[in-house]
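Inspection log for the structure reproduced underneath, given as structure tokens.
Because the structure is a prediction, the values reported are computed rather than measured.
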There are 2 protein chains.
Amino acid sequence: MTVSRRGPRERMVFSAAQLIRRDGVAATGLRDVVEHAQAPRGSLRHYFPGGKEQLVNEAVEWAGRYAAKRVDRFLAEMPEPSPSRLFEAMVRQWTDEYRSAGFAAGCPVVAATVDRAGSAESTGQAAAAAFAAWNRPVARALTQMGVPAGRAASLATLMISALEGAIVIARAERDVRALETVLRELGPLLDSGVAPRD
Amino acid sequence: MTVSRRGPRERMVFSAAQLIRRDGVAATGLRDVVEHAQAPRGSLRHYFPGGKEQLVNEAVEWAGRYAAKRVDRFLAEMPEPSPSRLFEAMVRQWTDEYRSAGFAAGCPVVAATVDRAGSAESTGQAAAAAFAAWNRPVARALTQMGVPAGRAASLATLMISALEGAIVIARAERDVRALETVLRELGPLLDSGVAPRD
DNA sequence: CCGCTACTATGACGGCTGTCATAGAGGGTG
DNA sequence: CACCCTCTATGACAGCCGTCATAGTAGCGG
């Protein structure tokens, strides 16, 4: 990974996100993060005076920004954008990873939400912000594709919900079946002008 | 809760599921489970010689059976069953809980899948079995409602995926918005005979 | 009463966790 | 050189974890 050029601080946030999405928050130790990032352990306290909570929160925020950027890149590379094609790109990212790298990891934002180590009020806010940051570019793209402004945000939420759920099921089953199913069943709906109440 | 009548063993499995869906697997200590279940600590080893892994797995299996039973009950209480009405009942269960009891807890199967404490090969299998046990009655119900046999299982997977994803988002946002959105957007599709490939 | 089985009580063990205190490089700047 | 600020090194701390060893109780069949 092209990561060595970045500073130790950024590497630790990145590594934290990687390990959290694999093992969960509680099972990810600060010593593991330091080792994975090849960062000096002595700097942990210096860069993250808020302790583990701060590091986890920044990892979640990073994941939110990453997901948003990915959406923008999908759209930029798309010759003829359509809702179903955007959804396909989002789902494909995960089927590709699972096929090539195995089912070890999931979404770090989900992990941080589910695996709150008791308190962690701020982590919930960070996760909510990450979902919002992800939702925003999707909704914007849908609007540009002609989806009514009122429904764009709702459809974006549906897309992300279905994707996240399918990711979890795929990990449990160690099979991309759920991801492909969701894509196949939801795609046509996204393109059609089906009204919400029939 | 009407739990005291059951034996200590069953209480511990139940309590484990409750705590796991709130705090995650790693953050749920065996001592917490024993206390929550008001069970004798000395019996832990006797009933679960496989240790924490066995207890977690049984809690996940229990959750799968519970979800399946819930679906059957929803259908039994439904005067005129339809796909969207079944989905509404499934979603409503969560909006009701979140409105009345807060956003502390999620789905234990998701927690066990995401928060695998490293190894836990068997827990993944238990989670996959739980999702399958949940999918089965939903697919069967859809078939009885006239959905083609080939699509029933796929639609069931879509329903569960969207629901699970929305649960996670709702917990993060501490708002039932995502659950209501998913219900509103997906309901009409489930009832309509929209073909997969337009 | 004996013996057997099912279940419970208690305490300790090593290991890992996040946090913290203390000290020390390194490099600019006055 | 002296100073300060940024960053790093190291080790120790209390606390919790899952696991295990040992002992003990209750109840039943013989």
Side-chain angles (χ1 to χ4, degrees), chain A residues 3-20 22-60 108 111-112 115-123 126, chain B residues 3-20 22-60 108 111-112 115-123 126:
Chain A
V3 146
S4 312
R5 269 289 150 241
R6 287 183 243 267
R9 210 203 113 104
E10 208 167 337
R11 289 208 309 275
M12 284 192 266
V13 173
F14 176 81
S15 290
Q18 291 288 110
L19 295 180
I20 286 170
R22 173 152 60 87
D23 302 325
V25 175
T28 296
L30 294 183
R31 288 162 176 87
D32 302 336
V33 173
V34 165
E35 187 185 11
H36 184 275
Q38 291 184 283
R41 203 195 117 196
S43 310
L44 238 178
R45 183 144 210 83
H46 183 254
Y47 288 124
F48 306 95
K52 185 177 186 177
E53 184 175 332
Q54 180 184 355
L55 177 59
V56 170
N57 292 358
E58 293 200 22
V60 169
D115 180 18
R116 61 184 61 231
S119 57
E121 172 75 20
S122 63
T123 303
Chain B
V3 148
S4 312
R5 271 288 148 239
R6 287 183 241 266
R9 209 202 116 104
E10 208 168 336
R11 287 209 311 273
M12 283 192 266
V13 173
F14 177 79
S15 290
Q18 291 287 111
L19 295 179
I20 286 170
R22 173 152 58 89
D23 302 325
V25 175
T28 296
L30 293 183
R31 291 164 174 85
D32 303 334
V33 174
V34 165
E35 187 185 10
H36 183 277
Q38 292 184 283
R41 204 196 118 197
S43 309
L44 238 180
R45 185 146 208 82
H46 183 254
Y47 288 123
F48 307 96
K52 184 177 185 176
E53 185 174 331
Q54 180 184 355
L55 177 59
V56 170
N57 292 359
E58 294 201 20
V60 170
D115 178 19
R116 61 185 61 232
S119 58
E121 172 76 21
S122 64
T123 303

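Judged as a side chain to side chain donor-acceptor pair (under 3.5 Å), and not counting sequence neighbours, B:Ser43 has no contacts. Taking the side chain to side chain donor-acceptor pair (under 3.5 Å) definition, one finds that B:Glu35 meets it with nothing, sequence neighbours left out. Taking B:Arg22 as the reference, nothing meets the salt bridge (Lys or Arg N to Asp or Glu O under 4.0 Å) condition, with sequence neighbours excluded. With sequence neighbours left out, the side chain to side chain donor-acceptor pair (under 3.5 Å) criterion links A:His46 to no other residue. Here A:Ala17 pairs with A:Ala59, A:Trp62 under the side chain to side chain contact (heavy atoms under 4.5 Å, CB included) rule; sequence neighbours left out. Looking at residues two or more places apart in sequence or on another chain, you find no side chain to side chain donor-acceptor pair (under 3.5 Å) involving B:Glu10.
Taken to the nearest 0.5 Å, the OG1 atom of A:Thr123 stands 4.0 Å off from the CG atom of A:Asn57.
First and last contacting nucleotides of DNA chain C toward chain B (any atom under 4.0 angstrom from a heavy atom, 5' to 3' order): C:dA6 to C:dA12.
Both B:Pro8 and B:Arg31 lie close to DNA chain C; mapped to their nearest nucleotides by heavy-atom distance, the more 5′-ward contact belongs to B:Pro8.
Closest approach of A:Tyr47 to A:Gln54, counting heavy atoms only: O-NE2, 3.8 Å.
Within residues 44-52 of chain A, the residues that place at least one heavy atom under 4.0 Å from DNA chain D are, in residue-number order, A:His46, A:Tyr47.
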